[in-house]
2 protein chains.
Amino acid sequence: MSLISKSCEYGLRATLYIAARRGDEYVSIGDIARDLDISFHFLTKILQKLTQHGILKSSRGPSGGVALARPVKSVSLLDVVLAIEDHELFTACVLGLKECSESTPCPLHAQWARERARIQRMFRGTTLDKLAKPIADGTLRLAN
Amino acid sequence: MSLISKSCEYGLRATLYIAARRGDEYVSIGDIARDLDISFHFLTKILQKLTQHGILKSSRGPSGGVALARPVKSVSLLDVVLAIEDHELFTACVLGLKECSESTPCPLHAQWARERARIQRMFRGTTLDKLAKPIADGTLRLAN
DNA sequence: AGAATAAAAGACATACATGTCTTAAATTGG
DNA sequence: CCAATTTAAGACATGTATGTCTTTTATTCT
């Protein structure tokens with residue numbers, strides 16, 4: 001398996017792509033799909049979720065597209081992940097037990113709880129503005 | 001998504017179950033499936049993989065079943081995970097890029113590489129013997 | 001040897017994620 | 001108003017993980 005779904009990967013890459021292009025100006029989904037080599041229609045549905053969650057705003061018609069609905073600095077990767085992924089990512093038992101908590105732990109509960117909390121902090125602590133510049137200037141890339 | 005697949009969850013729980021029953025004596029897959037509430041035929045296929053990887057040994061016929069092929073102390077959870085899961089779990093890019101490494105990193109490479117290494121260490125450092133006792137005496141459980 | 005037991009193997013079915021395609025609705029510019 | 005553009009919405013197809021069922025093979029016990 002993988003930590004996050006393909007939908008989530010696409011959503012994160014697209015959001016970072018938008019942020020790297022100033023964020024406040026509309027970018028067409030077709031452009032994003034082409035540059036990031038993602039299926040256009042599939043990406044459209046993913047970005048719709050982000051729009052519905054208030055992370056992106058959209059505009060139809062010529063010169064339309066999607067843009068960030070909030071300041072780059074105020075959007076974390078966790079916001080994007082939670083808008084697309086099931087919330088259970090950071091709460092579910094690593095062994096799949098329904099009831100797994102401090103009081104009724106599975107054999108790996110303590111160790112896994114620590115790791116997933118770290119991962120969540122990693123996503124929460126990374127805001128779009130921190131990555132936008134190196135992406136914009138080509139230091140970091142969003143596609144192969 | 002989840003960190004590991006259901007197959008992997010089942011494989012880990014079954015292996016821990018076997019370890020908690022001394023490990024060296026054969027346990028029928030039917031018993032494991034019943035106690036852990038896992039589909040019998042599905043579990044059979046998963047445990048076959050573990051047998052093929054030399055983690056379990058099996059015996060057909062009456063009083064047969066599966067048992068650990070090696071001492072409990074020498075089997076780590078990572079051994080089980082890697083026998084079932086794709087090896088890419090601990091190497092793949094979190095954003096799904098094919099080429100993602102120190103030299104050509106994605107925007108999250110550095111941070112994710114650190115986390116996935118920790119998770120791998122968690123699985124590698126946890127051997128069956130460390131969990132067998134608390135499971136055997138009921139302190140920790142493998143099913144709801 | 002024969003019957004019972006249990007893993008091995010593989011066909012088949014189901015669920016869900018992913019991907020493709022078509023139509024509708026909204027916006028822009030001439 | 002009309003044509004072009006672009007998101008929205010939903011039907012449909014494909015792929016993969018998961019789950020079920022049947023048959024085969026090996027082993028044990030009588």
Side-chain angles (χ1 to χ4, degrees), chain A residues 1-15 18 25-69 81 84-86 88-89 92 95-96, chain B residues 1-15 18 25-69 81 84-86 88-89 92 95-96:
Chain A
M1 284 302 218
S2 51
L3 182 71
I4 58 178
S5 64
K6 276 218 175 301
S7 294
C8 205
E9 291 173 6
Y10 295 165
L12 283 170
R13 289 168 60 206
T15 306
I18 296 164
E25 62 188 18
Y26 286 107
V27 184
S28 80
I29 300 176
D31 285 358
I32 305 174
R34 180 171 32 71
D35 287 356
L36 299 187
D37 194 32
I38 299 173
S39 151
F40 167 70
H41 292 289
F42 192 32
L43 182 59
T44 293
K45 283 191 292 192
I46 296 164
L47 297 189
Q48 273 172 31
K49 273 193 196 173
L50 295 180
T51 301
Q52 289 158 1
H53 275 80
I55 294 171
L56 299 181
K57 57 185 176 183
S58 68
S59 170
R60 301 186 189 188
S63 74
V66 291
L68 292 180
V81 169
I84 299 170
E85 206 78 51
D86 274 339
E88 46 170 81
L89 214 198
L95 293 182
Chain B
M1 285 297 219
S2 50
L3 182 72
I4 59 178
S5 62
K6 275 219 174 300
S7 294
C8 205
E9 291 173 5
Y10 294 165
L12 284 170
R13 289 168 61 205
T15 306
I18 296 165
E25 60 189 19
Y26 286 107
V27 185
S28 80
I29 300 177
D31 283 357
I32 305 174
R34 180 171 33 72
D35 286 356
L36 299 187
D37 194 31
I38 300 173
S39 151
F40 167 71
H41 292 290
F42 192 31
L43 183 59
T44 293
K45 285 192 290 194
I46 296 164
L47 297 189
Q48 274 171 31
K49 274 192 193 171
L50 295 180
T51 301
Q52 289 157 1
H53 275 80
I55 294 171
L56 297 181
K57 59 185 176 182
S58 68
S59 169
R60 302 187 189 189
S63 75
V66 292
L68 292 179
V81 170
I84 298 171
E85 205 79 48
D86 274 340
E88 47 169 80
L89 213 197
L95 293 182

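To find a chain, count down the sequence lines: A is the first, B the second, and so on, and within it residues start at 1. We use all heavy atoms of the structure for the numbers below, so side chains are in, but hydrogens, waters and symmetry mates are not.
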Legend entry - Letter per nucleotide, 5' to 3', of nucleotides 20-30 of chain D [B base touched, S only sugar-phosphate touched, - untouched; heavy atoms, 4.0 Å]: BBB--BBBB--
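If you measure from atom CG of D37(B) to atom P of dG19(D), you get 11 Å, rounded to the nearest angstrom. Atoms CG (L56(B)) and P (dA6(C)) sit 17 Å apart, rounded to a whole Å. Spacing between atom CD1 of I4(B) and atom C1' of dT18(D) amounts to 15 Å, rounded to whole angstrom units. Counting to the nearest Å, the P atom of dC16(C) and the CD atom of E88(A) are 12 Å from each other. When rounded to the nearest whole Å, the span between CD1 of I32(A) and C1' of dT6(D) equals 12 Å. The distance between atom CG of L89(A) and atom P of dA17(C), rounded to the nearest whole Å, is 13 Å. The CD atom of E85(B) sits 13 Å away from the C1' atom of dT18(D) (whole-angstrom rounding). When the C1' atom of dT7(D) is taken as reference, atom CG of L47(A) falls 10 Å away, rounded to whole Å.
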Inset, instruction - Starting from the C-alpha separation in whole Å, work towards a yes-or-no answer on side chain to side chain contact (heavy atoms under 4.5 Å, CB included) for L43(B) and L36(B). - result: CA-CA 10 Å; L43(B) 183 59; L36(B) 299 187; 5.9 Å; no
Inset, instruction - Just do the side chain to side chain contact (heavy atoms under 4.5 Å, CB included) check on V81(A) and L12(A) with the steps written out, would you? - result: CA-CA 7 Å; V81(A) 169; L12(A) 283 170; 4.0 Å; yes
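Between Q52(B) and dA9(C), a side-chain N or O to OP1/OP2 separation shorter than 4.0 Å is present. Listed pair T44(A) / dA8(D) fails the phosphate criterion, with no side-chain N or O lying under 4.0 Å from OP1 or OP2.
In this structure, CG on L68(A) lies 9.5 Å from CD1 on I55(A), to the nearest 0.5 angstrom. For the atom pair S2(A) OG and I4(B) CD1, the distance stands at 12.5 Å (nearest 0.5 Å).
Here the side chains of I46(B) and I38(B) are not in contact, with every heavy-atom distance at 4.5 Å or above. Counting only heavy atoms from C-beta outward, the side chains of I84(A) and L50(A) approach each other to under 4.5 Å.
Here the closest non-hydrogen pair linking F40(A) and A33(A) is CA-CB, 3.7 Å.
Residue Y10(A) is classed as a sugar-phosphate contact, given heavy-atom separations below 4.0 Å to backbone atoms only.
Taking only side-chain atoms of S58(B), from C-beta outward, the nucleotide of dT7(D), dT18(C), dA7(C) with the closest atom is dA7(C).
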